[in-house]
Structure formats: C-alpha cells, structure tokens
Amino acid sequence: MNKLFNVAVAGATGAVGNQMIACLQERDFPIKNLKLLATARSAGRKLRFKGKEIPVEELTEESFSEVDIGIFSAGGATSQKYAPVAARDGCVVIDNSAAWRMDPDVPLVVPEVNPHAVGQYPNKGIIANPNCSTIQMVVALAPIHRMAGIKRIVVSTYQAVSGTGKKAIDELYDQTKAMLNFLEPEKKVYPHRIAFNCLPHIDVFLENGYTKEEMKMVNETRKILEDDSIGITATTIRVPVFFSHSESINVETRDPITADEVRTLLEDAPGVTVVDDPSKNLYPMPIDAAGRDDTFVGRIRADESVPNGINLWVVSDNIRKGAATNAVQIAEILANDYLGK
Ligand code: A2P
C-alpha cells in the first residue's frame, strides 16, 4: 500500500487555505489525517473534507508533533514564528508566505520549472511557495529561457483582490454594491477605493521606489530560473477583479526566437494552455482562467521595437496555481520522491 501522510493546513479558514483543502481533495492527496489550523477565533468551526466535517483547531507550538507535511498560508508573521517550530518536530513545511522565500537554504519551487529544488528541503525543513504573480510568469517564461536565454523582462500586472485575502474579496463586493446603490463605499483593506479603480500599489513601498510585490517578482524569478543575470523590472497593479491575475510581459532574448516558435514551444509546455486566436477574439481572460489550474498565454507577438523581443499576455488563477495548487503539487513531489520512499 502507498504511504499515507498526516497533513496540516495552517490558515485553513482563509481564501488560500480553503482552496488548499479543496486541492488536496480534488487531487486525492494520500492523507491519513488532516488537521485544520487557524486562530483561536476560528477554533471549533467545521470545514468539509471528503464528506467529513473537520473541526478547526487553534494553531499553537504543539500543533505539529504528529504532522508529516504542513502547508502554511496564515501570513508572514505566522510562518516566521511557526515554520521552524513545525520543522523542529519533523514536519516538512510548504510555506505560501514571503517569510522564507529568499532564504538561501530554503528551496523556492514551481514544479513545472525547478522540481529538483524540492530535494533541498532537509536544509531547514521548509520549502517556499513563490508569490502568485511570479509563479504564472515563470511557468510561461521558463521554456523560452531554456530555448533562447532571457536577457530582460518588463512586466506589468493586473492583480485580483483575492490575493489580499477574504477581507479584500468582501471589500470589492461591498464597495461595488454600495456604489451601484448611490451609497458611500467604505474603505477598510486598501488605502483607496478598489471598486471601479486601479491601484498602482501592492504590498509596501520600498526605498528604491518599487513596491515589495514588484521586488518579489524580480528576486523570486531569478532564484527559480537559477539565473541572476536576467534584468527584470515590474509594475504591479491591483484591479477590481475577484479571481485571476493577468500580466503583460515583454521579454528580450539572447538568441533569436520568433513569435511562432514561442507559440509552438508553449503549446507543449507543462501547465500552459495557449489561447491565441485574435481573429476569433480569443485570448486569455481572468473570467476564463478562474477555477482552473493552467497558466493561459496569448497575444504572442514580436516586439518590433527591439531585436529578439516578444510580447505575451499571461493569465492564471492566483488562488489556485498562484498559491494552493502549486503548494499541493510541491507536496506531491515531496510525498512521491522523498518522504514516501
Ligand atoms: P482566522 O480565520 O482564524 O483569522 P486570509 O488570507 O484569507 O485573510 O486568511 C488568513 C488565514 O490565516 C486565516 O485562516 C486566519 O485564521 C489565519 N491566521 C492569521 N493569523 C494567524 C495566526 N496568528 N495563527 C493562526 N492562524 C492565523
């Protein structure tokens, strides 16, 4: 019989945590016991998994003694504090926060791109799940990088509110409803109204004028593609969309590659679906990507302003491939290739 694992989801009541539970169920992850963890406020609430009601427990230092794999999405501070506690107790942590991503001892993994990096998990007992915007970008760009060597990336994002969590989903809904009823919309999560607006501001501003989200895309992409020589500049924008991030990506390659070659390459790439037939108005859109696991790529065309330039439009569900699905795929590699042996 194949080995079964004791699994914990930390942040189980959140937008990503909920999807993690759904992904574990959909993908039939080999689970012996599933533990659901959140704050004391949520303790006792019941969540469904495979037809059973599982009570949420408060996350404490004692939560991980019997757990093989802990999937965390409860914010950076929680991961900073509890991931080492879990690892000390022999639980391998797959962490969705930014807390450990750039630690040189912690692998940062996108299974379609660098699955081999999972093998570094014994360093700290922690594997980091990248930022949602980074994941979909590297899924689309890794095949191009392997074929033609990417020299420079210019990316602008159009990011859904679900990336900020449940409260932000409610905020977009409530503000939209208020405005359509000629009422004053309330601001609680974002510094400005998000309904019928765009905010060029995701995460905090840094001294170099970029936001932390923008610098995550720069640094994480280099780490995952294992190439610090790639020039990357990002502008990240929050838009009034509930699910799925979109990205306008411009790349310059070292070797020549045509738009048709990129299209063929991406049609065969793992985790990618090419939707690119402008004559029929076919291109990726958040409403089509939501609820699915692939990264959708379209508008593939030469950038005629530079030699070896390509433009792409890349869309993916930020809660699924951008967070929960990617984390569960990492857990699958861990279970099949390392812990299950
Ligand atoms: P809770 O629902 O009890 O507050 P989201 O990103 O959608 O806002 O969800 C965040 C998730 O992280 C929730 O499940 C939340 O639990 C959980 N969480 C936040 N802070 C902590 C903490 N200090 N300890 C445990 N879980 C936490």
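Numbering of ligands and ligand atoms starts at 1, following listing order. In this chain, residues are counted from 1 in sequence order. Every value quoted in this text rests on a predicted model; they were computed, and no experiment measured them.
Under a cut-off of 6.0 angstrom, the local environment of CZ in R299 is sparse, with at most 12 non-hydrogen atoms contributed by other residues, nucleotides or ligands. More than 12 heavy-atom neighbours from other residues, nucleotides or ligands sit within 6.0 angstrom of CZ on F29.
Nearest protein heavy-atom neighbour of atom 23 (N) of ligand 1: T78 OG1, 3.4 Å. For atom 2 (O) of ligand 1, the nearest protein heavy atom (residue, atom name, distance) is T13 OG1, 2.6 Å. Looking only at heavy atoms of the protein, atom 8 (O) of ligand 1 is closest to K166 N, 4.0 Å. The protein heavy-atom contact nearest to atom 6 (O) of ligand 1 is G165 CA, 3.8 Å. Ranking protein heavy atoms by distance to atom 4 (O) of ligand 1, first place goes to R41 NH2, 2.8 Å.
Counting only non-hydrogen atoms, the option in A77, A74, S79 that gets closest to atom 18 (N) of ligand 1 is A74. Of the candidates V56, V189, T39, it is T39 that places a heavy atom closest to atom 21 (C) of ligand 1.
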Could you go step by step and tell me if D303 and N311 meet the side chain to side chain donor-acceptor pair (under 3.5 Å) rule? CA-CA 6 Å; D303 171 357; N311 286 310; 4.7 Å; no
Test log, rule side chain to side chain donor-acceptor pair (under 3.5 Å), inputs R238 and T157: CA-CA 8 Å; R238 188 73 66 191; T157 68; over 6 Å; no
K321 and Q329: side chain to side chain donor-acceptor pair (under 3.5 Å), yes or no, with the steps? CA-CA 9 Å; K321 182 57 187 166; Q329 285 176 306; 2.5 Å; yes
Walk me through it: do Y121 and V93 pass the test side chain to side chain contact (heavy atoms under 4.5 Å, CB included)? CA-CA 9 Å; Y121 82 88; V93 173; over 6 Å; no
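For the salt bridge (Lys or Arg N to Asp or Glu O under 4.0 Å) criterion with K216, the lone passing option out of E220, E213, E214 is E213.
Looking at G11 next to ligand 1, an N or O pair under 3.5 Å apart turns up. The shortest N or O to N or O distance between S42 and ligand 1 is below 3.5 Å. At least one N or O atom of G14, backbone or side chain, sits closer than 3.5 Å to an N or O atom of ligand 1.
Y158 has its ring centre less than 6.0 Å from the ring centre of W313. Proximity of the aromatic rings of Y82 and F72 is defined here by a centroid distance below 6.0 angstrom, and this criterion is not met.
Residue contacts with ligand 1: A10 is excluded, as none of its non-hydrogen atoms falls under 4.0 Å. At least one heavy atom of A12 sits less than 4.0 Å from an atom of ligand 1.
Counting the atoms of ligand 1 from 1 in the order shown, those under 4.0 Å from a heavy atom of S73 are 11 (C), 12 (O). Interface atoms of ligand 1 facing A15, defined by a heavy-atom separation under 4.0 Å, are 7 (O).
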